Amino acid sequence: MHEFRTHNCNELNTSNVGETVRLSGWVHRKRDHPNALFVDLRDHYGLTQVVVYPDQPFYEQVKRTTPESVIQITGEVLPRDADQVNPELATGEVELRADAFEVHSSADQLPLPVFGEPDYPEDIRLKHRYLDLRREKLHKNIVLRGQVINSIRRRMIELGFNEFQTPILTASSPEGARDFLVPSRLNPGKFYALPQAPQQFKQLIMVAGFDKYFQIAPCFRDEDARADRSPGEFYQLDVEMSFATQEDVFNVIEPVMAGVFEEFAEGRTVETPFPRIPYKESMAKYGSDKPDLRNPLILNDVSDFFTDEDLTGFGLFKKIVGGGGKVIAIPAPKAAAEKSRKFFDNLDKWAKKEMQMPGLGYARLSEGEDGATKSQDPVLKNFKPDHLVKILDQLGLTAGDGVFFAAGKVGDAYKLAGAARDVVGKELGLIEEGIFKFCWVVDYPMYEYDEDNKKVDFSHNPFSMPQGGMEALETMEPLDILAYQYDIVCNGIELSSGAIRNHRPDIMYKAFEIAGYDQQTVDTEFAGMINAFKYGAPPHGGLAPGIDRIVMLLAGAENIREVIVFPMNQQAQDLMMNAPSDVESKQLRELHLRLDLPKEK
RNA sequence: GCGGGUGUAGCUCAGUUGGUUAGAGCGCUGGCCUGUCACGCCAGAGGCCGCGGGUUCGAGUCCCGUCACUCGCGCCA
């Protein structure tokens, strides 16, 4: 007989009755009765009920065994009487009678219970992650993560992609997010950077002629966390292919994404094909470049209705529009009829508090004595009747409906409107459930105006090919130039960003020139890549869907920590391993570093 | 860096207008119970009410500060 176990805890059934077997696992629950002590024994696979009778010499010892201790039971598999079968359990038709008992490891009082699935404090969960990971939901999420990655890998290999590993210690890049830096011992004063993504490497792999590449790649960015963004590190399905148009990339990746989601959908619908939404349209309709298409609400630019105060009797919005701003309406169908005034006031409060905006206007629509739709709320109260009919007509709203107004500078107004669209949709219960709604967001602008530095800068990825190529760069207004740049969005979560790359040195220099970088800067900052492109580079493109977010969606998790085995907290600390930590001064000396810490408050 | 929320027993939470000895469930310890499977019943142990200051005759409760966790903003080519 095996030293530890002959079966796992999800395995025994009526066919094993009469066999003498051995199980090892954790003490999940105990139920103490005068005639018998029941122990639910748990391992990775499941639960088995062990019954210990009082005539056993180890009876008292088992009774005193603490939950989560690791024990081993050897004994005979017994059938259960029909009225004692537990249909919830795979092993519920049998139980294991303990004839021998051994403790592998006994557990102290637990900082958090394993049994049950209520919420526990995040810091305790993270500090004792190994306990948290024993809990059913989290354990399942992590197993799912492994399965999703296996499925992705299988699909990519079947499509002829080659998986390579790229360096973890690489060079800092001036573009993009803040780098994690690693000091070089052998090169005093110089630093490696952890890759924000294997961006340049994958393009060089194309230049090297490997044609199709993928990698489940670790990426490192020293930026602050969000619910769907872990601090520090995350994984991407990094993909690049040669001689590929944007259409080719879509045709390869869409079935992979849809396939993976279908494989793990468990009854949820995956809508295909993914609609394609130009960036501009996405901003106008959803106030976001990651629209949640489960939400039926569509934004409406009503700025023009507020230009004439004689028609509106409302000066505030006129002022905003006159100053180049926008007034964006968020319809709230049936809200006036079904929700109280508090609902509307709370959204205004939310805009002020959470979004740190001046406020969110609203109007509730009701039927007046003459049968016409009216509003007693400030924004629409003094509208001339004809004018009111026009704006309500454009909004498609009538008595019983509500409407919110986000007003301000163009960027602010759409940002607030987009966020409000999410909140209103949720509050009104309009978000479709049990479905994955994907889209490609396409035609991102190549450049944007950087208000901070008062200059034109790349809006996304400087290595993207501008639509129209060199001619566009030479003839068009920079801010009007689009890029072959695309995102995959699912249920309002940005899953992936990608592009057809700029593989032509001449176009590259020109593109950087427009953003204010001279040729020499390009030559030094992107030396590896720009040099490579001078020796024959294939047209190529790719993308990089976020693995953690894919698993998060499939697991139905609200937070990305729920799909990461050992995540860090919001302050990018690993509470279990105590990272980051102080180091010995010897280590610093070897690295030629001296600390210059901020003064204690 | 900024804004919001939370912080009371090992864990989840309640705690009235500021008023006696701060409670419940789970867990723990002991006892009882003829087979449970979220077993049940009885008893017990367990509290720097996050921390520091203030107001007050009196603070878990009010005020100020601070810390921790978290959500968002900034940031994230």
Side-chain angles (χ1 to χ4, degrees), chain A residues 28-41 47-54 63-64 66-68 78 80-81 83-89 91-92 95 97 107-128 131 173-179 196-197 199-200 219-232 234 349-357 412 415-416 419 422-423 444 446-448 450 452 457-464 483 485 494 497 499 511-512 515 517 525-526 546 558-559 561 569-571 573 575 601:
Chain A
H28 191 61
R29 298 278 279 180
K30 285 187 301 182
R31 290 173 296 280
D32 178 19
H33 284 265
N35 284 352
L37 168 64
F38 298 98
V39 179
D40 291 337
L41 195 65
L47 286 174
T48 301
Q49 173 164 286
V50 172
V51 56
V52 186
Y53 290 107
K63 221 165 134 175
R64 286 196 310 275
T66 51
E68 296 307 307
L78 305 176
R80 296 204 203 179
D81 292 344
D83 59 337
Q84 286 165 9
V85 165
N86 184 348
E88 305 280 307
L89 242 49
T91 61
E95 63 190 8
R97 185 190 67 216
D108 289 346
Q109 162 117 232
L110 302 167
L112 63 89
V114 170
F115 176 77
E117 294 283 338
D119 291 330
Y120 298 110
E122 204 65 26
D123 45 346
I124 294 175
R125 294 183 61 194
L126 292 172
K127 184 171 182 190
H128 304 278
L131 288 179
S173 148
E175 292 292 325
R178 201 175 290 117
D179 285 318
Q196 296 178 22
Q199 181 64 38
Q200 294 189 59
C219 304
F220 305 90
R221 295 177 193 176
D222 189 4
E223 298 292 351
D224 289 347
R226 290 289 183 275
D228 64 353
R229 200 168 84 201
S230 54
F234 58 98
K349 277 186 201 159
W350 161 85
K352 290 183 169 96
K353 276 188 179 177
E354 298 273 324
M355 300 300 290
Q356 296 171 348
M357 297 282 185
D412 288 346
K415 185 179 186 64
L416 177 58
D422 285 339
V423 176
Y444 275 81
M446 183 80 189
Y447 299 100
E448 65 189 7
D450 178 353
D452 294 339
D457 204 354
F458 294 108
S459 78
H460 233 69
N461 184 328
F463 309 125
S464 300
Q485 170 94 42
E494 183 192 317
S497 170
F512 274 86
Y517 304 92
E525 302 290 3
F526 307 105
E558 292 291 321
N559 192 290
R561 287 186 297 272
N569 72 5
Q570 196 179 38
Q571 278 73 243
Q573 299 159 338
L575 298 176
K601 275 187 214 164

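Throughout, protein chains are lettered first and strands after them, A, B, ... in sequence-line order, and every chain is numbered starting at 1. Excluded from the calculations below are hydrogen atoms, water molecules and symmetry mates; all remaining heavy atoms, backbone and side chain alike, are included. Bear in mind the structure is a predicted one, so any value in this text is a computation, not a measurement.
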Tell me the interatomic distance from [X], atom [atom1], to [N], atom [atom2], rounded to whole angstroms.
X	N	atom1	atom2	answer
Phe234(A)	C75(B)	CZ	P	17 Å
Asp40(A)	U36(B)	CG	C1'	9 Å
Lys415(A)	C73(B)	NZ	C1'	7 Å
Asp457(A)	C76(B)	CG	P	10 Å
Phe115(A)	C26(B)	CZ	P	12 Å
Arg226(A)	C75(B)	CZ	P	10 Å
Gln570(A)	C76(B)	CD	P	17 Å
Glu223(A)	G1(B)	CD	P	14 Å

Can you name the closest pair of heavy atoms from [X] and [Y] and give their distance?
X	Y	value
Ala107(A)	Thr66(A)	O-OG1, 2.6 Å
Cys219(A)	Ala197(A)	SG-CA, 3.9 Å
Arg561(A)	Glu122(A)	NE-OE2, 2.7 Å
Leu575(A)	Lys127(A)	O-CG, 3.9 Å
Leu110(A)	Glu68(A)	CD1-CG, 3.5 Å
Asn569(A)	Pro231(A)	O-CG, 3.2 Å

Roughly how many Å apart are [M] and [N], using the [atom1] atom of each and rounding to a whole number?
N	M	atom1	value
G7(B)	G44(B)	P	29 Å
U17(B)	G27(B)	C1'	35 Å
G25(B)	A9(B)	C1'	12 Å
G23(B)	C49(B)	P	15 Å
G58(B)	G1(B)	P	38 Å
C11(B)	G31(B)	C1'	25 Å
C39(B)	G46(B)	C1'	25 Å
A24(B)	C42(B)	P	12 Å

Are Arg31(A) and U36(B) close enough that a side-chain N or O sits under 4.0 Å from OP1 or OP2? no
Quick one: does any side-chain atom of [X] pair with a main-chain N or O of [Y] as donor and acceptor, under 3.5 Å?
X	Y	answer
Thr91(A)	Leu47(A)	yes
Lys30(A)	Pro67(A)	no
Gln196(A)	Ala177(A)	yes

Between the base of C69(B) and the side chain of Arg125(A), is there a donor-acceptor distance below 3.5 Å? no
Check: C76(B) base within 3.5 Å donor-acceptor of Arg221(A) side chain: no
Asp224(A)/Arg229(A) ion pair, N-O < 4.0 Å: no
Which pairs, protein N/O on one side and nucleotides 27-33 of chain B N/O on the other, fall under 3.5 Å?
| unit_1 | atom_1 | unit_2 | atom_2 | d |
| --- | --- | --- | --- | --- |
| G27(B) | OP1 | Arg29(A) | NH1 | 3.3 |

Describe the nucleic acid contact of [X] in one word from base, sugar-phosphate, nothing, applying a heavy-atom distance below 4.0 Å.
X	answer
Gln49(A)	base
Gln199(A)	base
Ile124(A)	sugar-phosphate
Gln573(A)	sugar-phosphate
Asp123(A)	sugar-phosphate
Phe38(A)	base

Angle between ring planes, Phe463(A) versus Phe512(A), binned at 30° and 60°: parallel, tilted or perpendicular? tilted
Return whichever of Ala177(A) or Asn559(A) has its heavy-atom-nearest nucleotide of RNA chain B closer to the 5' end. Asn559(A)
If you assign Pro113(A) and Glu95(A) each to the RNA chain B nucleotide with the nearest heavy atom, which residue ends up on the more 5' nucleotide? Pro113(A)
Pull out every stem in RNA chain B, meaning runs of 3 or more consecutive Watson-Crick or G-U wobble pairs with both distances under 3.5 Å. B:1-7 with B:67-73, B:10-13 with B:23-26, B:28-32 with B:40-44, B:50-54 with B:62-66
Proximity to the side chain of [X] - top-ranked nucleotide from [options]:
X	options	answer
Gln84(A)	C71(B), G74(B), U36(B)	U36(B)
Ala227(A)	C37(B), C71(B), C75(B)	C71(B)
Pro121(A)	U12(B), U36(B), C73(B)	U12(B)
Gln571(A)	U70(B), C76(B), U36(B)	U70(B)

Report the distance from atom CG of Leu112(A) to atom CZ of Arg125(A), rounding to the nearest 0.5 Å. 8.0 Å
